[in-house]
Amino acid sequence: MKFVAREQRRNSRYNGIVLDPPSFGRGAQGQVWKIEDGIRSLLENCRAILDLKHPWFILLSCHSQGFSPASLGRCLAEVFPHDAACLEAGEMTIPENGSARVLPAGIYARIFNPNAK
């Protein structure tokens, strides 16, 4: 959140942002971060530093209980409603060596606009 706020003050613009926010954390001054409370604000602040006039993307991963690919995708769709048609969400997996099984490794959602102008 601090990085994104600083980039907003600097009027920096990005064409891609990759996020892997923690489920829970504490800042140096005791601030509390909970993904379920802060994800909307984080995404809105990221939107403010995206260069929406050129092709852009946001890739969001999550390892928190209580989130599904659909709910993570919905978080992005609420902040980027005009680009919701270019949204993908799913489960991240790791293939087990020598087997057809896969191990769950979290979820992801991504949204992009390849034709922004």
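Side chains included, hydrogens not; waters and symmetry mates left out as well; all remaining heavy atoms used. Residue numbers count from 1 along this sequence.
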* Structure fact -> Rounded to the nearest 0.5 Å, the CG atom of D83 sits from the CD1 atom of I111 at a distance of 5.5 Å
* **Residue from L59, I49, V4 passing side chain to side chain contact (heavy atoms under 4.5 Å, CB included) with I17** => I49
* Asked: Does some side-chain heavy atom of R47 sit less than 4.5 Å from a side-chain heavy atom of L52?
  -> yes
* F80 and I58: side chain to side chain contact (heavy atoms under 4.5 Å, CB included), yes or no, with the steps? -> CA-CA 10 Å; F80 299 92; I58 289 186; 3.5 Å; yes
* Apply side chain to side chain contact (heavy atoms under 4.5 Å, CB included) to I39 and L60, showing your working. => CA-CA 10 Å; I39 190 71; L60 173 62; 4.1 Å; yes
* Asked: Between the side chain of R10 and the main-chain N/O of A5, is any donor-acceptor distance below 3.5 Å?
  -> no
* Asked: What is the minimum heavy-atom distance between R13 and A48, and which atoms define it?
  -> NH1-O, 2.8 Å
* Structure fact -> When rounded to the nearest 0.5 Å, the distance separating OG of S12 from CZ of F3 is 7.5 Å
* **Over all atoms of both residues, closest heavy-atom pair of D20 and C62** => OD1-N, 4.4 Å
* To do: Report yes or no: does W56 contribute a side-chain atom to a donor-acceptor pair with the main-chain N or O of F112 at less than 3.5 Å?
  => no
For residues 70-77, please give each side-chain donor-acceptor pair under 3.5 Å, one per line with the distance, not counting sequence neighbours.
| unit_1 | atom_1 | unit_2 | atom_2 | d |
| --- | --- | --- | --- | --- |
| S71 | OG | S68 | N | 2.8 |
| S71 | OG | S68 | O | 3.0 |
| S71 | OG | S68 | OG | 3.4 |

* Minimum heavy-atom separation for L50 to N15, with atom names? -> CD2-C, 4.3 Å
* Asked: What are the two closest heavy atoms between F24 and K34, and how far apart are they?
  -> CD1-CG, 3.8 Å
* Residue pair E91 / Y108, side-chain donor-acceptor N/O under 3.5 Å -> no
* Asked: V79 and F57: same hydrophobic cluster, using ILVMFWY side-chain contacts below 4.5 Å?
  -> no
* To do: Any chance you could measure D51, atom CG, to Y14, atom OH, to the nearest 0.5 Å?
  => 12.0 Å
* **Spacing of CE belonging to M1 relative to CD belonging to Q31, to within rounding of 0.5 Å** => 11.0 Å
* To do: Would you indicate whether the side-chain heavy atoms of P55 and N113 approach each other to under 4.5 Å?
  => no
* If only atom types and distance count, is the side chain of H63 paired as donor or acceptor with the main-chain N or O of A105 below 3.5 Å? -> yes
* **Beyond-backbone contact of L42 with P21, side-chain heavy atoms, under 4.5 angstrom** => yes
* Could you list the residues that satisfy salt bridge (Lys or Arg N to Asp or Glu O under 4.0 Å) with R40, not counting sequence neighbours? => E44, E78
